[in-house]
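Here's the structure we're looking at; comments come further down.
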Amino acid sequence: MTALATTDALFFERADAALDRAAAERRLADALANGDDGELFLEYRETEQLSLDDGRIRSAGFDTSLGFGLRAVAGEATGYAHAGELTEAALARAAEAVSAVAKGHSGVAAEPPRATNARLYTDANPLIATEFPARAALLAEIDAYARGKDARVKQVMASLGGEFQAVQILRADGTRVADLRPLVRFNVSVVVEQDGRRETGSYGTGGRHGYAPLMSPATWRGAVDEALRQALLNLDSVPAPAGEMEVVLGPGWPGILLHEAIGHGLEGDFNRKKTSAFSGLLGKRIAVPGVTVVDDGTIADRRGSLTVDDEGTPSGRTVLIEDGVLVGYMQDRLNARLMGVRPTGNGRRQSYAHAPMPRMTNTVMLGGAHAPEEMIRSVKRGLYAVNFGGGQVDITSGKFVFSASEAYLIEDGRVTAPVKGATLIGNGPDALTKVTMVGNDMALDPGIGTCGKNGQGVPVGVGQPTLKLAGLTVGGTAA
């Protein structure tokens with residue numbers, strides 16, 4: 001069954017359906033008359049969360065939602081209305097509300113998104129592929145495995161979560177696009193204690209597929225082993241130094257710094273409104289040669305990937321920075337039209353209750369020519385940051401602060417003591433000019449990213465090779 005047929009069955013053909021397709025298309029046409037763009041976004045979602053703490057199931061939840069979001073666009077103005085019910089009466093009220101944005105406007109309807117036959121992930125619902133008791137039993141097995149690995153383990157926390165999202169996007173010209181989106185995630189944290197000192201380590205993984213890969217012993221045991229390794233490592237950590245120094249960033253998840261400090265500044269809305277630190281720099285060199293950054297929503301099974309975005313545009317591979325030169329922005333339909341360019345498949349929304357806007361998918365820096373060992377050897381005194389926790393960034397200035405959850409001293413070209421309490425402080429545009437070596441080991445994150453913007457959260461991916469930066473400010477705790 002095609003995605004369109006599956007979503008027709010969910011939205012229009014259920015036994016209790018209160019909205020037929022003809023009525024939906026009629027109301028949509030009325031709402032978008034005289035406008036420049038817009039769509040009816042229909043969504044059905046199932047979500048599940050199961051967590052264990054100290055050998056007991058602490059929470060288990062399952063939820064379903066069904067609703068629509070209706071958007072009308074006229075110039076720069078947007079009218080948006082949504083409802084958690086799928087009835088003609090609710091849609092009629094929404095159409096009346098959003099049509100006001102185009103009163104007195106005589107727009108020309110924008111071209112519909114191009115069609116695609118690509119499928120980047122399975123159509124199957126991960127929540128029904130395995131039985132719920134099997135997932136609960138797996139968490140108990142994880143707890144026992146972690147405690148059996150080391151007597152210093154004092155607490156184990158593990159969680160499994162999944163969702164199945166079905167969407168259909170209708171336009172006034174009759175274009176219809178549908179997508180069926182699975183998403184799963186597994187997390188484990190381990191607390192260890194030695195000589196009165198407690199430390200934590202954690203690991204997570206996931207993607208747009210079913211639970212089966214996460215329930216494989218090789219996957220979950222590897223995750224527990226990694227969380228335990230980090231926790232035991234932290235038992236030996238020393239206070240981080242402070243000051244300006246050379247920093248080597250590890251591959252994969254440290255790309256979250258790239259995502260936050262640089263990626264958001266390359267989204268179309270911030271640049272159209274000239275509130276980004278990168279506004280007006282298209283075609284200009286903003287990074288050293290060798291730095292190439294892409295946003296790629298077409299990587300199969302990845303957490304940030306989408307067959308089509310939430311406006312119906314097929315995802316793409318958008319080159320943002322090419323060999324140090326800014327060559328593109330990530331665009332939704334509205335900002336692309338106003339900036340005179342094509343949408344890039346980056347129009348995303350958290351749910352039917354939210355209007356779409358330009359968002360990242362999987363944002364990565366491509367690999368270079370240097371071996372990681374060569375980069376470490378080149379550092380006299382510095383920091384090797386392998387994993388990151390939280391952080392924040394100011395889009396307008398590009399200033400960022402990120403805390404490293406796993407980092408080491410580099411002394412005389414060798415990685416030495418693990419450190420605790422290290423933060424990286426800097427400015428995104430400035431950091432791009434401080435990259436001195438790009439590694440040949442580009443890696444993607446394990447599938448755990450969630451990005452927040454304007455109150456909306458969406459799943460994303462990041463990635464990068466090992467990077468060496470000169471003169472980055474490190475905030476530490478060493479006396």
Side-chain angles (χ1 to χ4, degrees), residues 1-14 17 19-21 24-25 27-28 32 37-48 63-71 80-87 90-91 94 112-128 162-184 208-209 297-298 301-316 332-333 343 345-359 361 450 456-460:
M1 186 180 290
T2 66
L4 269 176
T6 299
T7 53
D8 276 347
L10 282 170
F11 300 130
F12 303 123
E13 299 167 3
R14 297 155 50 118
L19 178 68
D20 64 65
R21 200 176 109 198
E25 291 174 336
R27 296 293 184 183
L28 175 63
L32 302 191
D37 206 354
E39 72 286 311
L40 175 62
F41 180 85
L42 307 176
E43 179 190 36
Y44 171 80
R45 190 190 301 251
E46 296 179 1
T47 58
E48 172 188 271
D63 190 29
T64 63
S65 61
L66 176 72
F68 72 84
L70 180 62
R71 181 177 66 149
Y80 196 76
H82 63 89
E85 61 179 68
L86 218 55
T87 65
L91 186 55
R114 61 180 175 83
T116 178
N117 292 320
R119 289 295 302 156
L120 301 177
Y121 32 78
T122 177
D123 289 346
N125 184 342
L127 277 60
I128 61 175
E163 74 173 45
F164 178 69
Q165 182 192 29
V167 304
Q168 186 174 137
I169 302 156
L170 295 83
R171 295 179 53 81
D173 59 14
T175 302
R176 294 193 304 141
V177 178
D179 198 16
L180 304 173
R181 303 168 177 170
L183 188 67
V184 294
R208 291 202 178 277
H209 47 69
T298 69
D301 298 330
R302 296 299 302 179
R303 182 173 171 85
S305 294
L306 292 169
T307 298
V308 295
D309 72 5
D310 294 324
E311 299 176 307
T313 305
S315 285
D332 64 348
R333 288 178 60 87
N346 290 90
R348 305 189 63 188
R349 65 183 98 199
Q350 179 174 312
S351 74
Y352 68 83
H354 304 84
M357 56 183 160
R359 305 294 300 273
T361 56
T450 297
Q456 296 191 41
V458 296
V460 295

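Bear in mind that the values here come from a model prediction, so they are computed numbers and not experimental data. Both backbone and side-chain heavy atoms feed into the values below; hydrogens, waters and symmetry mates do not.
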What distance do [X] atom [atom1] and [Y] atom [atom2] have between them, rounded to the nearest 0.5 Å?
| X | Y | atom1 | atom2 | value |
| --- | --- | --- | --- | --- |
| Gln168 | Leu4 | CD | CG | 5.5 Å |
| Leu127 | Thr47 | CG | OG1 | 8.0 Å |
| Tyr44 | Thr7 | OH | OG1 | 13.0 Å |
| Asp332 | Met357 | CG | CE | 9.5 Å |

Inset, instruction - Let me see the working for Leu120 and Arg302 under side chain to side chain contact (heavy atoms under 4.5 Å, CB included), right down to the final yes or no. - result: CA-CA 8 Å; Leu120 301 177; Arg302 296 299 302 179; over 6 Å; no

Inset, instruction - Please report the C-alpha distance between Asp123 and Thr6 in whole Å, then the side-chain angles of each, then the deciding distance to 0.1 Å, and finally whether the side chain to side chain contact (heavy atoms under 4.5 Å, CB included) criterion is met. - result: CA-CA 10 Å; Asp123 289 346; Thr6 299; over 6 Å; no

Legend entry - Identified side chain to side chain contact (heavy atoms under 4.5 Å, CB included) counterpart of Phe12 within the set Leu42, Leu86, Asp20: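 For Phe12, the side chain to side chain contact (heavy atoms under 4.5 Å, CB included) check succeeds only for Leu42.
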
Legend entry - side chain to side chain contact (heavy atoms under 4.5 Å, CB included), paired with Leu28, selected from Leu91, Asp173, Leu70: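 That would be Leu70.
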
Please report the shortest heavy-atom distance between [X] and [Y], naming the atom on each side.
| X | Y | result |
| --- | --- | --- |
| Ser315 | Arg114 | O-NH2, 4.5 Å |
| Ala90 | Thr87 | N-OG1, 3.1 Å |
| His209 | Thr122 | CA-CG2, 4.3 Å |
| Tyr80 | His354 | OH-O, 3.0 Å |
| Ala94 | Ala81 | CB-CB, 3.7 Å |
| Asn125 | Phe164 | OD1-CB, 3.3 Å |

Legend entry - Under-4.0 Å salt bridge between Arg45 and Asp63: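 Salt bridge flag = no for Asp63 with Arg45.
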
Inset, instruction - Determine, for Arg333 against Asp310, whether the closest basic-nitrogen to carboxylate-oxygen distance falls under 4.0 angstrom. - result: no

Do [X] and [Y] touch side chain to side chain, with heavy atoms closer than 4.5 Å?
| X | Y | result |
| --- | --- | --- |
| Glu25 | Leu40 | no |
| Thr298 | Thr361 | no |
| Leu19 | Phe11 | no |
| Arg348 | Val460 | yes |
| Glu48 | Pro126 | no |

Can a donor-acceptor pair be found, under 3.5 Å and without considering hydrogens, that links the side chain of [X] to the backbone of [Y]?
| X | Y | answer |
| --- | --- | --- |
| Arg208 | Ser305 | yes |
| Glu39 | Ile169 | no |
| Glu311 | Pro356 | no |
| Gln350 | Gly457 | yes |
| Asn346 | Arg359 | yes |
| Tyr121 | Arg181 | no |

Legend entry - Residues which pass side chain to side chain contact (heavy atoms under 4.5 Å, CB included) with Ala5, listed by chain and number, not counting sequence neighbours: Met1, Thr2

Legend entry - Derivation of the side chain to side chain donor-acceptor pair (under 3.5 Å) call for Gln456 and Arg349: CA-CA 7 Å; Gln456 296 191 41; Arg349 65 183 98 199; over 6 Å; no

Inset, instruction - With sequence neighbours left out, write down each residue that passes side-chain hydrogen bond (donor to acceptor under 3.5 Å, both in side chains) with Asp309, or none if nothing qualifies. - result: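 Here no residue qualifies.
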
Inset, instruction - Check the side chains of Asp179 and Gln165 for a donor-acceptor pair under 3.5 angstrom, ignoring hydrogens and angles. - result: no

